[in-house]
S.K.: 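A single structure is presented below for examination.
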Amino acid sequence: MTRAAAVTLNLRLATTADVPHLQRWDRQPHVIAATSDDPDADVAFEGAVWIEEINGSDPASAYFIAELDGRPIGAMQIIDPALERTHYWGEDCPPNLRAMDIWIGEVDCLGQGYGTEMMTIAVNRAFADPDVEAVIIDPLNSNTDAHRFYQRLGFRPTGRRLFDDDDDCLVHRLDRADWRFGETDA
């Protein structure tokens with residue numbers, strides 16, 4: 001972490017007021033590079049209509065905004081992969097898991113340790129539910145920086161998987177027994 005001053009990072013539910021941030025971050029080259037292997041992609045989350053994503057009535061999926069002293073800097077999506085409506089993780093996904101996506105939208109906030117803080121908050125919240133057994137994530141297989149990031153947090157690769165017919169991902173899993181609440185090596 002290369003932060004100069006102590007600041008407060010908060011992870012709160014996204015609201016419709018956050019849609020402009022999400023739309024802007026969706027077009028940031030570093031976010032696109034982390035979510036797509038398509039060199040011609042001009043958005044990270046193709047087809048996402050952010051107002052609909054935020055207003056979605058699926059209780060098994062929620063978006064969160066990371067704020068740094070009140071300034072939105074990034075986002076997370078946290079889902080129950082067995083129950084969320086798209087069945088992205090498959091119709092046969094077992095219960096008692098949480099799946100997470102994370103992205104830092106503001107370029108000046110990259111490499112400052114905020115992603116680690118965001119994940120720590122989110123994983124702690126997930127494991128606060130005694131029924132949650134593990135957290136799963138699906139970074140692109142080509143995104144080796146993400147693999148190192150998640151592995152520093154205790155996630156372990158479980159294997160490659162093709163999502164949505166073209167996203168070649170290296171799935172990682174963090175079991176409750178392997179999580180040290182609030183502690184990281186980063």
Side-chain angles (χ1 to χ4, degrees), residues 10-16 18-19 22 25-26 31 34-37 43-66 74-104 115-143 146-184:
N10 181 44
L11 197 60
R12 62 162 175 81
L13 275 172
T15 69
T16 55
D18 298 307
V19 168
L22 292 163
W25 297 336
D26 200 11
V31 179
T35 61
S36 176
D37 286 323
V43 294
F45 303 98
E46 187 176 340
V49 178
W50 289 108
I51 192 81
E52 292 175 10
E53 294 288 330
I54 299 305
N55 285 332
S57 61
D58 187 349
S61 175
Y63 285 91
F64 294 84
I65 297 295
M76 293 189 75
Q77 182 184 24
I78 303 172
I79 68 169
D80 181 329
L83 300 177
E84 66 90 27
R85 70 178 173 266
T86 70
H87 299 289
Y88 174 82
W89 285 87
E91 297 278 342
D92 59 347
C93 188
N96 302 321
L97 300 175
R98 293 298 176 270
M100 298 180 182
D101 280 319
I102 178 176
W103 61 100
I104 303 286
T116 298
E117 287 186 53
M118 290 167 65
M119 285 298 295
T120 299
I121 292 167
V123 172
N124 283 344
R125 287 182 186 174
F127 286 142
D129 178 342
D131 292 332
V132 173
E133 298 170 6
V135 174
I136 53 178
I137 54 173
D138 64 333
L140 291 172
N141 188 56
S142 62
N143 191 347
H147 302 172
R148 283 189 298 275
F149 168 73
Y150 291 123
Q151 290 168 23
R152 277 195 316 266
L153 293 172
F155 284 84
R156 294 187 179 139
T158 62
R160 286 174 73 172
R161 182 168 169 188
L162 196 63
F163 287 93
D164 291 337
D165 296 328
D166 60 356
D167 290 335
D168 179 13
C169 298
L170 180 61
V171 173
H172 287 67
R173 178 182 171 114
L174 176 65
D175 290 308
R176 174 185 291 277
D178 295 328
W179 179 244
R180 299 164 308 191
F181 282 79
E183 300 176 24
T184 65

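Keep in mind the model is a prediction, meaning the values are calculated, not measured. When a residue number appears, it is its place in the shown sequence, counting from 1. The figures here come from the full heavy-atom set of this structure, side chains too, leaving out hydrogens, waters and symmetry mates.
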S.K.: Which atom names give the shortest non-hydrogen contact between T158 and R173, and what distance separates them?
M.R.: CG2-CB, 3.6 Å

S.K.: Identify the two heavy atoms, one from P157 and one from Q151, that lie closest to each other, and give their separation to 0.1 Å.
M.R.: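 Here P157 and Q151 meet closest at CG-NE2, 3.3 Å.
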
S.K.: Should Y150 and N143 count as side-chain neighbours, where that means a heavy-atom distance under 4.5 Å?
M.R.: no

S.K.: Could you check whether any side-chain heavy atom of W25 comes within less than 4.5 Å of a side-chain heavy atom of D18, counting everything from C-beta outward?
M.R.: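 No. Closest side-chain heavy atoms not under 4.5 Å.
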
S.K.: Out of the candidates I136, I137, D129, only one should pair with R98 under the side chain to side chain contact (heavy atoms under 4.5 Å, CB included) rule; please name it.
M.R.: D129

S.K.: For a 4.5 angstrom cut-off between non-hydrogen side-chain atoms, does F149 reach T116?
M.R.: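 The answer is yes; the side chains approach within 4.5 Å.
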
S.K.: List the atom of W103, the atom of Q77, and the distance in Å for their closest heavy-atom pair.
M.R.: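 In this case the closest contact between W103 and Q77 is CZ3-N, 4.4 Å.
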
S.K.: More than 12 heavy atoms of other residues, nucleotides or ligands under 6.0 Å from CZ of R156: yes or no?
M.R.: no

S.K.: Taking C-beta and beyond as the side chain, do I65 and L22 meet within less than 4.5 Å on heavy atoms?
M.R.: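 Yes, close enough: below the 4.5 Å cut-off.
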
S.K.: Are L140 and C169 side-chain neighbours, meaning at least one heavy-atom pair lies under 4.5 Å?
M.R.: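 When only atoms from C-beta onward are counted, C169 and L140 do touch, with a gap below 4.5 Å.
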
S.K.: Are any of the side-chain heavy atoms of V135 and M100 separated by less than 4.5 Å?
M.R.: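 The answer is yes; the side chains approach within 4.5 Å.
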
S.K.: So which atom in D175 and which in A134 form the shortest heavy-atom distance, rounded to 0.1 Å?
M.R.: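 Heavy atoms only, the tightest pair is OD1-CB, 3.4 Å.
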
S.K.: I'd like to know if the side chain of R176 reaches the main chain of V132, judged simply by a donor and an acceptor atom lying under 3.5 Å from each other, with no hydrogens or angles considered.
M.R.: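 Answer holds: yes.
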
S.K.: Could you work out, with side chain to side chain contact (heavy atoms under 4.5 Å, CB included) as the rule, every residue matching I121, not counting sequence neighbours?
M.R.: L9, L11, R125

S.K.: Run the side-chain donor-acceptor check on residues 43-50: report pairs under 3.5 Å with partners two or more places apart or on a different chain.
M.R.:
from, atom 1, to, atom 2, distance (Å)
W50, NE1, D26, OD2, 3.2

S.K.: For the residue pair D80 and W89, establish whether any side-chain heavy-atom pair is separated by less than 4.5 Å.
M.R.: no

